Engineer: 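Below you'll find the structure I mean.
Just so we're clear, the structure is a prediction, and the values are computed from it rather than from any experiment. Only heavy atoms go into these numbers, but all of them, side chains included; no hydrogens, no water, no symmetry mates. Numbering of residues begins at 1 and proceeds along the displayed sequence. Just follow the structure's listing: the first ligand is 1, and inside any ligand the first atom is 1.
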Amino acid sequence: MNTPWWKEAVVYQIYPRSFMDSNGDGIGDLKGITGKLDYLKELGVDVIWMSPIYQSPNDDNGYDISDYQAVMEEFGTMEDLEELLKEAHGRGLKIVMDLVVNHTSDEHRWFVESRKDKTGPYGDYYIWRDGKPDGSAPNNWGSCFGGPAWEYDQERGQYYLHLFSKKQPDLNWDNPKVRKEVFDMMTWWCEKGIDGFRMDVISMISKTAEMPDGKIKGGFYGDYSPYCIHGPHVHDYLKEMNENVLSHYDLMTVGETPGVTPKEACRYAGEDSHELNMVFQFTHVDVPGRFGKWNDKKMPLPALKKILSTWQTELSGKAWNSLFWDNHDQPRAVSRFGDDRPRYRVLSAKMLATCLHMMQGTPYIYQGEELGMTNYPFAGPADFKDIESINAYREWCASGHVSHEEFWPCITAVSRDNARTPIQWDDSEQAGFTTGTPWIPVNPNYKEINAKAALADPDSVFHHYQKLIALRKRYPVIVHGDYQLLLEDSGDLFVYTRSFQEEKLLVVCNFTDKEVAFQVPEEFKDARCLIANYGSHEQKDGGSKKKESGKLRPYEAFVLRQAR
Ligand code: TEU
Ligand code: CA
């Protein structure tokens, strides 16, 4: 079987600002990453995806790029990046870059030129429109980070579209010159030896020509989605990108595609679609409530199972899944899907890891997830660093639409800053992340939760991840097996099987803090236990004791393997 490397790989996502600071300025940097490659090697991952490291005024922490071919000064130099590539490759680790080309920074040279001169060479690089006759914005669309999606520019006398912050103007992909600039820049990076791209909001690069008002839903502004997500030419542009750039190199590509359905995913990442290798879908992490995305409600387990199972079965044989519980835009996995109380944190973090890593697709580990890092105990809105949380608090709460008491649990449950606190390396001051003052505070629980302690403890979350990764390398069924959900209606248990040739796996996860009755199906009665989160039950002889007890303990998880 000829399997592309990225189907067998495990990816580790680094948010450089918060990973490791090498020079005491409080900001993570490239040298910091290079210094920790051995840690990642020990974990066993194959690929590192780095959130943006390019020159940026940091309105959105690097997702607003002012020069695609320069390194952000705070992160180091181009030489540091080349060194990182060399050191990573020397250890057999691949590096995937973040490609943010739906928008640039308003400080990018193209935008500076574009706002100067309508008729100049850059005049048509962005999405400019005249206001309405009364001078108001072209339509009612709202931006992802609050406020309207249009900003009036004095210099040019027109409005420009920004689906994110007003310092992130959207590029006009309908302009062939823009596409050529992007493709040339990508080729430049490929020639440097990078191993792939994670493509930021790539489902949003093509917009409809008509831009009518959108429906107001869960907020104050109109919804741009029908006009900007999976727009009319998105697949043409990605095929063009593939033909011009991607197909010339041995890369891994993953598209961040908000709003994607399994059907649409098969177009973006279909085996024969010549676009991308896989996409990130968000249906398992989107739980909109009364205040839009700001919601502290957990998704009920049957709904979560249904969503993940649908992706498993609908992409099977047609496209490839990416598997994740969290990333730099999401709260910490163990706090959201597991149980971060001291008694259950380790157990439930291992349970979640087991549940995800035994599915079909390429697993992504977000930095700190392998330590079971938790959400941050925000004291008040002054603690937020993220533009999205800062604006949301202002728009919903400071404006008087909702009380602080009501809104606070909702925003703290999902604020992106939860994921962005520094990695807890050890129990020294600032968790060993920096010798200075970190740009964002360290989670106070670093004394207990840190990499040094995890490495010293054979039963740590880290070692569980290490084991899961090793299992994936050893048993083809984990990569290739067909997925089947069992006990569909259970609100407590997530149980599924994977089958491939002579092998079959049973994956059993208790998502509750209660004991739950469970009988191992007859066909697994003689199966061996590959991994379990209650150490003593992972016995060489197959863990038979556990299987006969008929009960799962809180957050218990194990995997049985039957070879016919
Ligand atoms: O995120 C796009 C996205 O759709 C959301 O996840 C978004 O971050 C937010 O949560 C909307 O409520 C990507 C990047 O991952 C994110 O960090 C950037 O801020 C954003 O694009 C803009 O580049
Ligand atoms: Ca630094």
Engineer: To check your reading of the model: name the closest protein heavy atom to atom 4 (O) of ligand 1, its residue, and the distance in Å.
Structural biologist: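 The protein heavy atom lying closest is P258 CG, 3.4 Å.
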
Engineer: When you compare the side chain of L99 with that of M185, does any pair of heavy atoms fall below 4.5 Å?
Structural biologist: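 Side-chain contact under 4.5 Å: yes.
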
Engineer: Quick check: of its N, O or S atoms, which one does D29 have closest to the Ca ion (ligand 2)?
Structural biologist: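 Atom name of the closest N, O or S in D29: OD2.
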
Engineer: Should we say atom NZ of K180 is surrounded by more than 12 heavy atoms from elsewhere, each under 6.0 Å from it?
Structural biologist: no

Engineer: Measuring from D200:CG to D329:CG, what's the distance to the nearest 0.5 Å?
Structural biologist: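 Rounded to the nearest 0.5 Å, the CG-CG separation comes to 8.0 Å.
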
Engineer: How is the N/O/S atom of D21 that comes nearest to the Ca ion (ligand 2) named?
Structural biologist: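 Per the distance ranking, D21 contributes OD1 as its closest N/O/S atom to the Ca ion (ligand 2).
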
Engineer: Within less than 3.0 Å of the Ca ion (ligand 2), any N, O or S from T434?
Structural biologist: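 T434 does not place any N, O or S atom closer than 3.0 Å to the Ca ion (ligand 2).
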
Engineer: Does F75 put an N, O or S atom under 3.0 Å from the Ca ion (ligand 2)?
Structural biologist: no

Engineer: If you look at D25, which of its N/O/S atoms is nearest to the Ca ion (ligand 2)?
Structural biologist: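 In D25, the N, O or S atom with the shortest distance to the Ca ion (ligand 2) is OD1.
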
Engineer: When only distance counts, is K293 in polar contact with ligand 1, meaning an N/O pair under 3.5 Å?
Structural biologist: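 Yes, K293 has an N/O under 3.5 Å of an N/O on ligand 1.
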
Engineer: Counting each atom of ligand 1 from 1 as listed, which ones have a heavy atom of F145 under 4.0 Å away?
Structural biologist: 19 (O)

Engineer: State if H103 counts as touching ligand 1 under the rule of any non-hydrogen atom under 4.0 Å.
Structural biologist: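 Yes.
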
Engineer: Please report the shortest heavy-atom distance between A353 and Y465, naming the atom on each side.
Structural biologist: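 Looks like CB-CZ, 3.4 Å.
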
Engineer: Got the closest protein heavy atom to atom 18 (C) of ligand 1, with its distance?
Structural biologist: D60 OD2, 3.3 Å

Engineer: Hey, can you tell me if F337 and W325 have their rings parallel, tilted or perpendicular (30° and 60° cut-offs)?
Structural biologist: tilted

Engineer: How many angstroms lie between OG1 in T77 and CG in D29, if you round to the nearest 0.5 Å?
Structural biologist: 10.5 Å

Engineer: Nearest 0.5 Å, please: how far is CZ in F384 from CD1 in I390?
Structural biologist: 8.5 Å

Engineer: Could you tell me which non-hydrogen atom of Y446 sits nearest to which non-hydrogen atom of E429, and how far apart they are?
Structural biologist: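 It is OH-CA, 4.2 Å.
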
Engineer: Identify the heavy atoms of Q13 and S51 that sit nearest to each other, and give their distance.
Structural biologist: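 Nearest pair, atom of Q13 first, then S51: NE2-OG, 3.2 Å.
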
Engineer: Rounded to the nearest 10 degrees, what's the angle O of I27 makes with OD1 of N23 at the Ca ion (ligand 2)? Could you check?
Structural biologist: 150°

Engineer: Heavy-atom distances under 4.0 Å are what count here, so tell me which part of F282 touches ligand 1: side chain, backbone, both or neither.
Structural biologist: neither

Engineer: Considering R416, E256, E388, H328, which one's heavy-atom position lies nearest to atom 8 (O) of ligand 1?
Structural biologist: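 It is R416 whose heavy atom sits nearest to atom 8 (O) of ligand 1.
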
Engineer: To the nearest 0.1 Å, how far is atom 13 (C) of ligand 1 from its closest protein heavy atom, and which atom is that?
Structural biologist: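 Of every protein heavy atom, D200 OD1, 2.8 Å lies nearest to atom 13 (C) of ligand 1.
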
Engineer: State if R198 counts as touching ligand 1 under the rule of any non-hydrogen atom under 4.0 Å.
Structural biologist: yes

Engineer: Give me the nearest non-hydrogen protein atom to atom 20 (C) of ligand 1 as residue plus atom name, then the distance to 0.1 Å.
Structural biologist: F164 CE2, 3.7 Å

Engineer: Which heavy atom of the protein is the closest neighbour of atom 15 (O) of ligand 1, given with residue, atom name and distance?
Structural biologist: D329 OD2, 2.5 Å

Engineer: Taking the six-membered ring for Trp and the full ring for Phe, Tyr or His, determine whether the centres of Y160 and F111 are under 6.0 Å apart.
Structural biologist: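 That pair passes the under 6.0 Å test.
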
Engineer: With a 6.0 Å cut-off on the ring centroids, do W150 and Y221 count as close?
Structural biologist: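 That pair fails the under 6.0 Å test.
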
